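Notes for the one structure printed next.
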Amino acid sequence: TLSEYRAGQYDPQADQLAFFQMNVLGKKVYVTMVWMNRSITKRVEDTQLANYIATRLQQRLGGDTQLGELSLYYVAYTL
């Protein structure tokens with residue numbers, strides 16, 4: 001769980017990272033991020049964030065682990 005939602009306290013329309021997953025398959029790091037209510041104009045920032053996290057994991061794994069693919073999804077996005 002990345003975060004929790006509390007009805008009446010949090011803005012249900014705020015942008016949120018709904019899902020984040022990293023996998024290592026075939027010595028490559030793959031990242032999937034799903035954003036809710038987020039502007040797709042922030043795609044560059046989101047890509048940089050995901051690349052940073054994936055690179056940190058790759059460095060910790062060491063050896064010959066490489067960066068794989070990044071998948072970004074936007075649900076109920078705004079322009």
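The basis for the numbers below is simple: all heavy atoms, side chains too, and nothing from hydrogens, waters or symmetry mates. Everything numeric in this text was worked out from a predicted model, so none of it was measured.
With hydrophobic clusters built from ILVMFWY side chains whose heavy atoms lie under 4.5 angstrom apart, Tyr30 does not share a cluster with Trp35. In the hydrophobic cluster analysis, where Ile, Leu, Val, Met, Phe, Trp and Tyr join through side-chain heavy atoms closer than 4.5 angstrom, Leu25 is grouped apart from Leu61.
Within 6.0 Å of atom CD in Gln21, more than 12 heavy atoms from other residues, nucleotides or ligands are found, so the atom counts as buried in its surroundings.
The CG atom of Leu67 lies 9.5 Å from the NZ atom of Lys28; values are rounded to the nearest 0.5 Å. With rounding to the nearest 0.5 angstrom, the CG atom of Leu70 is 8.0 Å from the CE atom of Met33. Separation of atoms CG (Asn51) and OG1 (Thr47) is listed at 6.5 Å; rounding is to 0.5 Å. The structure places CD of Gln58 at 6.0 Å from CD of Gln66, a figure rounded to the nearest 0.5 Å.
Of the residues listed (Val31, Asp46, Val34), the one engaging Leu72 in a side-chain contact (heavy atoms from CB on, under 4.5 Å) is Asp46, and it is the only one.
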What's the verdict on side-chain contact (heavy atoms from CB on, under 4.5 Å) for Gln16 and Asn37, showing C-alpha distance, side-chain angles and the deciding distance? CA-CA 7 Å; Gln16 302 171 14; Asn37 302 323; 5.5 Å; no

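Here the closest non-hydrogen pair linking Tyr74 and Ile40 is CG-CG2, 3.7 Å.
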